[in-house]
Amino acid sequence: MTSLDEAVGSKYDALIQSDRVHGSLYTDPEIFAEEMAKIYYTTWVYVGHESEVPEPNDYVVKPFGPQSVILSRAKDGSIHLLQNRCAHRANLVCDAPKGNSTAFRCQYHGWTYANDGELLGFPYKKGYEGADRSQLGLGKVPRVESYQGFVFGSFATEGPSLTEHLGDAAGEIDRLVRLSPTGKIKLTAGWLKHKAKANWKMLLENETDGYHPQFVHSSVFAAADSGIGALYSDNADAVSRDLGGGHTENDLRPEFRRLGNVMGWFGTTEDKVPNYVAKMRELHGEKADEILIEGSPHLMVFPNLFIAEIQIFVIQPLAVDETVQHVTAIQFEDGEEMNRRLLQQTIGSVGPAGFLLADDSEMYERNQRGVQARNPEWLVINRGANRERVDENGHLIGYNTDEVPIRAIWKHYKTLMEK
Amino acid sequence: MTAVAEGSIELGTIAQAEAEQFLYREARLADAHDYDGWEALWTDDAIYWVPAGGESAEDPNTQVSVLFDNRSRIGTRIRQLKSGKRHSQTPKSNVVHQITNVEVLGLQENGDTEVVASLLAVESRERGTTFWAGRVEYRLRRVDTDQGSELRLAFKKVTLVDRDQPLYTLSFLI
């Protein structure tokens, strides 16, 4: 094994190669700080969902990188991402996790802001004669855009639009929302916050790693009737895909199409959810069965939004070796019959005590301890490089157990970190 | 139930000492990772529940919980632990449950006795030492078995003090 000292090229040329990445990418606090600046405080980051602030003046505090922001809906219905920091002396202006309010008042000296961030006033104003109030509003995430109700923010005042950022990942989000009888999902089931002593990229890579389930989750296959194992076996028809822009997926549709069972993606049959299936057939006609066979995406939107068929995960990096994974059950508008099942499956599988995620989290933490060892310095990411190919849309794909998604993440990461 | 046990506060209620002995036994079996012994404590209609933050403690049917097991899912959890491949419990956590402030509150409509207590569980594993503190609500039921009349656990709800905050993996039996 070669070491870094012998490498040539830029810093990230040396650390990120086509078939391997350097361990320091997971352990170096300076790289973490650079990631926050160049990734979390530059590109589009998923923040929250419009269904979390359904009414005018609703607000909810959401993670954004290592910090949090206030996601608010103003009186006129517009969505804003506000910094929870008084423009006066930096005290917090919002101390509730969510609520409904037209204004935020700092409890330190009484400065008050509208829920779009504008300064409404400060007490004893004679002391501020001539102050330009327009310069004293709450800090805002300058760009806010939504796609299918998913609200993203970017701290860069200029750059690609959200649509450009999502690229072909957008079509996968469409595939999720069309499973709702109204075409709309709700994230109203509350959040599990699962903390791990691991670098955030350990989680990011794991979300679309189709190689690990057979090993990490074999206890679930032993304990319960689960179809997950077969989807990630070496001879499943499912594929892994590089969607571009660091977005990746495990496309399980080929396997579900081969099996051809309506609601098979959800591990159930149509007679268990007859009202839901009837609503979908009424809405989509002949296309309904295809939708209900293909199911929901398994999509990682770089850098922090993971759509895991029936759950939404949000990755929040806190430090180079500490990450929180926020997760909730997807709920369908007008989908009562499905929602209870979506919720109970979510509680069973994910979060701190989940049948699946407790063990994934254990692996993140073991990885973080393992990567401290000095030799070898590298992590190998070349599985399936010999058999990857380009699909009809121009995307790289591989076997579902191949590391096409991991290589896709690092390729995009490198372009961002070299800017 | 007709007898009034000494110290009971209501007709048919389980006595303080017997309730305490049961809670301590449940804690000891969990600490010892005696999965079969622990599973045998539950009734067939049992609920084992650890709410998450927000409104989770009010409505487990619309809000995510850390854990909300019916009897069937308790069985799955135990089978998973016994598979030897539950990596988050391989090796097993070293745990000690402290059960204090035990109060027998009275009877449920169905005759179950409601008991509350405070919990401090200290967990040690390679990640470090983690404190799990909370209020626990139990519902105990006296059932007839081949061994005579025994107590069973029909309901256990652990409301963690830090359930609004990010939690580390919780894969031992709390």
Side-chain angles (χ1 to χ4, degrees), chain A residues 60 63 97-98 186-198 212 215-226 311 316 318 322-329 331 336 339-340 342-344 346-348 350-366 368-369, chain B residues 35 39 47-70 72-93 123 125-128 130 132 158 160 162-174:
Chain A
V60 60
K98 62 178 183 174
K186 305 182 291 182
L187 301 188
T188 51
W191 294 85
L192 295 168
K193 302 173 189 173
H194 190 177
K195 187 164 58 165
K197 282 192 175 170
H212 80 276
F215 310 99
V216 175
H217 304 308
S218 61
S219 66
V220 180
F221 312 148
D225 182 24
S226 167
Q311 292 110 17
Q316 181 182 26
L318 293 183
E322 187 155 28
T323 306
V324 176
Q325 189 144 246
H326 303 251
V327 57
T328 190
Q331 300 279 275
E336 214 34 59
N339 287 347
R340 193 170 48 84
L342 291 163
L343 182 75
Q344 285 309 324
T346 295
I347 295 171
V350 307
F355 292 137
L356 295 171
L357 265 287
D359 291 332
D360 285 310
S361 195
E362 177 72 16
M363 290 302 155
Y364 313 149
E365 294 185 340
R366 289 187 195 185
Q368 193 69 26
R369 293 198 291 271
Chain B
Y35 299 130
E39 188 183 5
I47 294 289
Y48 173 37
W49 183 18
V50 180
E55 290 110 52
S56 171
E58 281 79 54
D59 191 358
N61 296 311
T62 65
Q63 298 291 303
V64 289
S65 293
V66 174
L67 185 157
F68 186 65
D69 288 359
N70 59 15
S72 160
R73 198 171 269 181
I74 290 172
T76 305
R77 190 171 298 282
I78 295 299
R79 284 197 301 282
Q80 187 184 28
L81 286 165
K82 287 170 67 177
S83 71
K85 293 172 184 167
R86 178 60 158 167
H87 304 291
S88 49
Q89 278 301 304
T90 318
K92 297 179 178 79
S93 299
E123 178 197 22
R125 54 188 296 103
E126 195 170 347
R127 184 205 303 122
T130 309
W132 302 88
V158 182
L160 297 168
D162 52 356
R163 64 194 178 88
D164 285 323
Q165 302 300 319
L167 302 172
Y168 284 123
T169 292
L170 171 57
S171 61
F172 65 93
L173 300 170
I174 192 168

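Throughout, protein chains are lettered first and strands after them, A, B, ... in sequence-line order, and every chain is numbered starting at 1.
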Go through it in stages, so that I can follow the logic: the residues are A/H194 and A/H326, the test is ring pair (Phe, Tyr, Trp, His ring centres under 6.0 Å), and I'd like the CA-CA distance, side-chain angles, deciding distance and then a yes or no. CA-CA 6 Å; A/H194 190 177; A/H326 303 251; over 10 Å; no
When you look at A/E336 and A/R340, which way does the salt bridge (charged side-chain N to carboxylate O under 4.0 Å, His left out) test go after all the steps? CA-CA 7 Å; A/E336 214 34 59; A/R340 193 170 48 84; over 6 Å; no
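In this structure, B/K82 fails the cation-pi test against B/Y35, since its NZ or CZ atom is not both closer than 6.0 Å to the six-membered ring centre and inside 45 degrees of the ring normal.
A heavy-atom distance below 4.5 Å is not found between the side chains of B/Y168 and B/L170. B/W132 places none of its side-chain heavy atoms less than 4.5 Å from the side chain of B/V50. The shortest side-chain heavy-atom distance between A/V350 and A/Q325 does not fall under the 4.5 Å cut-off.
The choice from A/G348, A/A222, A/G351 that makes the most heavy-atom pairs within less than 4.5 Å of chain B is A/G348. Considering only heavy-atom pairs separated by less than 4.5 Å from chain B, the leading option among A/S361, A/A224, A/A329, A/G354 is A/G354. Ranked by non-hydrogen atom pairs under 4.5 Å with chain B, the options A/K195, A/E362, A/K193 are led by A/K195. Your options are A/G190, A/A353, A/P97, and the one with the most heavy-atom pairs under 4.5 Å with chain B is A/A353. Chain A forms more heavy-atom pairs under 4.5 Å with one residue of B/D164, B/T90, B/T169 than with any other, namely B/T169. Counting heavy-atom pairs closer than 4.5 Å to chain A, the top-ranked of the candidates B/P60, B/G84, B/G128, B/P166 is B/P166. Chosen from B/N61, B/L67, B/V66, the residue pairing most often with chain A at heavy-atom distances under 4.5 Å is B/V66.
The neighbour count for B/K85 NZ, taken as heavy atoms of other residues, nucleotides or ligands under 6.0 Å away, does not exceed 12. Annotation for A/K98: atom NZ does not count as buried by contact number, only 12 or fewer foreign heavy atoms lying within 6.0 Å.
The part of B/S83 that comes within reach of chain A is its side chain, from C-beta onward, which places non-hydrogen atoms under 4.5 angstrom from that chain. Both the backbone and the side chain of B/Q80 come within less than 4.5 Å of a heavy atom of chain A. Of the atoms belonging to B/D59, not a single heavy atom falls under 4.5 Å from chain A. At a 4.5 Å heavy-atom cutoff, the contact between B/T62 and chain A is made by backbone atoms alone. For A/V220, the parts sitting under 4.5 Å from any heavy atom of chain B are the backbone and the side chain alike. Proximity to chain A (any heavy atom under 4.5 Å) is shown, for B/R77, by both the backbone and the side chain. For A/E322, the part lying near chain B is the side chain, with the backbone staying farther off; criterion is any non-hydrogen pair under 4.5 Å. Neither the backbone nor the side chain of A/F221 comes within less than 4.5 Å of any heavy atom of chain B. Both the backbone and the side chain of B/E126 come within less than 4.5 Å of a heavy atom in chain A. Only the side chain of A/L343 comes within contact range of chain B, with heavy atoms under 4.5 Å apart.
Partners of B/R73 under the side chain to side chain contact (heavy atoms under 4.5 Å, CB included) rule, at least two apart in sequence or in another chain, are A/Q344, A/I347, A/F355, B/D69, B/N70.
Residues A/E365 and B/R127 are paired through a salt bridge, judged by an N-O separation under 4.0 Å between the basic side chain and the carboxylate.
The main-chain N or O of B/Q89 is never found under 3.5 Å from a side-chain atom of B/S93 such that the two would form a donor-acceptor pair.
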